[in-house]
Amino acid sequence: MPASLLNNPFSRLFCRSIFLVSNRCEVMGLEHLPKRHDGVILACTHLSHYDPFCISTLSRRHVEWMARIESFKTPMSEWLTRNSHAFAVDRFGFALPGIREALRRLDRGGLVGIFPEGEVMDEQTSALTRGELKAGVGLLARRSGAPVIPCVVLNSQQFSNVTPWLPLRAGRLWVGFGPPLHADAELPHGRDSRWELTQRLHASLREVYSGLLETYDVPPEALPRRAADASAPAAAA
C-alpha cells in the first residue's frame, strides 16, 4: 500500500509547522537520535495516546510504531495505524508475530518505536516515578543488536483539549532523548540479559526526566494525575 498523507514528507512538514506555532516545545538530547538509516529502537514513556504524534512530529526520521492490536479494531483506526507504517502486537495473546515484524524492520534499518511500559500510565504508575518496564525491549535489542534510545515526553495529554491545537503558542511540551544503550554481548541469551538492559533503560529514562526537570520549568501537572485524584479537591496547605 502506498504511503498515505500521514507519511508524506510534505504533510509531515505541514504538521510540524502547525505543531510548532501552536506549542512551546522544549527538546533535549535530539542529537542522540541517529540521522542515518540504521536500525534503532526508540523506547518511550507513555503518558497519553498523543505520545506517538508528538514524537513523530519532532523526530528527524519516520518512526514505525509497535502498536497494540486494539488499534486495529475499527476500519478508521486500522487505516490510520497501517498508513502510518505502524504494526500490531498482541500484548495479552500471541506476541511472536509482532516481535518478528519489529526485528524485520530493524534489520531493514527502521526506527522502531515502542512503549516498554505496555500501556498509558499516570503520575502514580509511570516508570518515571513508581512504575516498572516490561522486558520486551530487552528482547528486541538482544535479538537485533540495535541500540535503544530512551525518550521521555511530558504534557502530551494537553492535546485532549482544544487550546493546544490553536496557533496561540499556549501549549507546553517537553521531550528528552537519552544516549543510546546496547545489549551486553557478554551475557548469554535469556531472561537475565533482557532484564539487564531493561533495568539500564529504566534508569536512563529517569535520568532524562531529571534532566528535563533541572533544565526547564516543568510544572507538576506535566505528569497526568489519576482520574480519581484529578477530580478530588486539593489538600489544604
Side-chain angles (χ1 to χ4, degrees), residues 25-29 32 41-55 65-71 89-92 95 112-142 147-161 171-184 191-237:
C25 184
E26 304 287 357
V27 182
M28 183 180 73
H32 296 306
I41 301 168
L42 188 62
C44 311
T45 54
H46 205 11
L47 294 171
S48 89
H49 293 295
Y50 295 97
D51 291 331
F53 165 76
C54 296
I55 298 168
W65 291 102
M66 178 182 281
R68 58 184 185 176
I69 199 168
E70 292 85 351
S71 301
V89 62
D90 190 347
R91 300 171 298 159
F92 306 111
V112 173
I114 183 173
F115 295 105
E117 292 167 299
E119 58 186 310
V120 174
M121 298 298 185
D122 56 37
E123 65 173 350
Q124 297 295 324
T125 58
S126 171
L128 301 176
T129 53
R130 304 175 186 177
E132 299 294 335
L133 303 179
K134 301 185 185 300
V137 64
L139 173 64
L140 288 179
R142 189 61 197 266
V148 179
I149 305 294
C151 178
V152 174
V153 183
L154 300 176
N155 208 38
S156 59
Q157 70 277 3
Q158 67 173 329
F159 291 106
S160 60
N161 300 315
R172 298 292 305 278
L173 188 74
W174 297 267
V175 181
F177 298 91
L181 305 174
H182 297 267
D184 189 342
R191 179 182 175 87
D192 290 343
S193 65
R194 296 196 296 269
W195 277 109
E196 188 274 337
L197 177 61
T198 302
Q199 290 168 356
R200 282 194 285 127
L201 171 61
H202 196 175
S204 183
L205 287 169
R206 291 188 173 185
E207 289 177 4
V208 173
Y209 176 53
S210 297
L212 288 171
L213 295 183
E214 293 171 2
T215 306
Y216 305 109
D217 182 23
V218 181
E221 59 268 21
L223 286 181
R225 300 174 65 187
R226 289 184 178 180
D229 295 340
S231 61

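Computation of the quantities below employed the complete heavy-atom set of this structure, encompassing side-chain atoms and omitting hydrogens, waters and symmetry-equivalent molecules. From a predicted model like this one, the values you see are computed outputs, not experimental measurements.
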Peer 1: For a quick test of reading the model, state the closest non-hydrogen atom pair linking Thr198 to Ala135 and the distance between them.
Peer 2: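 Shortest heavy-atom separation between Thr198 and Ala135 comes out as OG1-CA, 3.5 Å.
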Peer 1: Kindly write out the residues that satisfy ring-ring contact (aromatic ring centres under 6.0 Å, His included) with His202, not counting sequence neighbours, or none if the list is empty.
Peer 2: none
Peer 1: Holding to side chain to side chain contact (heavy atoms under 4.5 Å, CB included), I want the full list of residues that pass it with Phe53, two or more places apart in sequence or in another chain.
Peer 2: Phe19, Thr57, Trp165
Peer 1: Closest heavy-atom contact between Phe159 and Cys54?
Peer 2: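 Scanning both residues completely, I find the closest heavy atoms to be CE1-SG, 3.5 Å.
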Peer 1: With sequence neighbours excluded, what pairs up with Glu207 under the salt bridge (charged side-chain N to carboxylate O under 4.0 Å, His left out) test?
Peer 2: none
Peer 1: How many angstroms lie between atom CD of Glu119 and atom OG1 of Thr125, to the nearest 0.5 angstrom?
Peer 2: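 Glu119 atom CD to Thr125 atom OG1 measures 7.5 Å (nearest 0.5 Å).
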Peer 1: Which pair of non-hydrogen atoms, one from Ala43 and one from Leu201, has the smallest distance, and what is that distance?
Peer 2: CB-CD2, 3.7 Å
Peer 1: What are the two closest heavy atoms between Gly138 and Leu197, and how far apart are they?
Peer 2: CA-CD2, 4.0 Å
Peer 1: Do any side-chain atoms of residues 149-156 form donor-acceptor pairs under 3.5 angstrom with protein atoms, and if so which ones, sequence neighbours left out?
Peer 2:
| from | atom 1 | to | atom 2 | distance (Å) |
| --- | --- | --- | --- | --- |
| Asn155 | OD1 | Gln157 | NE2 | 3.4 |
| Asn155 | ND2 | Arg172 | O | 2.7 |
| Ser156 | OG | Ser48 | OG | 2.7 |
| Ser156 | OG | Asp51 | OD1 | 2.5 |

Peer 1: Hey, could you give me the CD1/CG distance between Ile41 and Leu181, rounded to the nearest 0.5 Å?
Peer 2: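 Ile41 atom CD1 to Leu181 atom CG measures 10.5 Å (nearest 0.5 Å).
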Peer 1: Holding to ring-ring contact (aromatic ring centres under 6.0 Å, His included), I want the full list of residues that pass it with Phe115, two or more places apart in sequence or in another chain.
Peer 2: His46, Trp65
Peer 1: Could you give all pairs that pass the salt bridge (charged side-chain N to carboxylate O under 4.0 Å, His left out) test and reach residues 132-142, with sequence neighbours left out?
Peer 2: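 Output for this query is empty, none listed.
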Peer 1: Closest approach of Glu26 and Tyr216, non-hydrogen atoms and distance?
Peer 2: OE1-CE2, 3.4 Å
Peer 1: Can you name the side chain to side chain contact (heavy atoms under 4.5 Å, CB included) partners of Thr129, sequence neighbours left out?
Peer 2: Ser126, Leu223
Peer 1: Under the salt bridge (charged side-chain N to carboxylate O under 4.0 Å, His left out) rule, what pairs show up with a residue in residues 213-222, not counting sequence neighbours?
Peer 2: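 The answer is none; no pair qualifies.
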Peer 1: Quick one: list whatever passes salt bridge (charged side-chain N to carboxylate O under 4.0 Å, His left out) with Arg206, sequence neighbours left out.
Peer 2: none
Peer 1: Report the residues that fulfil side chain to side chain contact (heavy atoms under 4.5 Å, CB included) with Thr215, sequence neighbours left out, ordered by chain and then residue number.
Peer 2: Met28
Peer 1: Please name all residues satisfying side chain to side chain donor-acceptor pair (under 3.5 Å) with Ser210, sequence neighbours left out, ordered by chain then number.
Peer 2: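 Side chain to side chain donor-acceptor pair (under 3.5 Å) check on Ser210 returns nothing, list empty.
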Peer 1: Under the side-chain contact (heavy atoms from CB on, under 4.5 Å) rule, what do Thr45 and Met121 come out as? Steps first, then yes or no, please.
Peer 2: CA-CA 8 Å; Thr45 54; Met121 298 298 185; over 6 Å; no
Peer 1: side-chain contact (heavy atoms from CB on, under 4.5 Å) between Leu140 and Met66: does it pass, once the steps are laid out?
Peer 2: CA-CA 12 Å; Leu140 288 179; Met66 178 182 281; 4.0 Å; yes
Peer 1: Roughly how far apart are Phe177 CZ and Cys44 SG, rounded to 0.5 Å?
Peer 2: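 One finds 7.0 Å between CZ of Phe177 and SG of Cys44.
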Peer 1: Please round to the nearest 0.5 Å and tell me the distance separating atom CD of Glu117 and atom CG of Leu133.
Peer 2: 6.0 Å
Peer 1: My understanding is that only residues two or more places apart in sequence, or in another chain, count here; which of them pass side chain to side chain contact (heavy atoms under 4.5 Å, CB included) with Asp192?
Peer 2: none
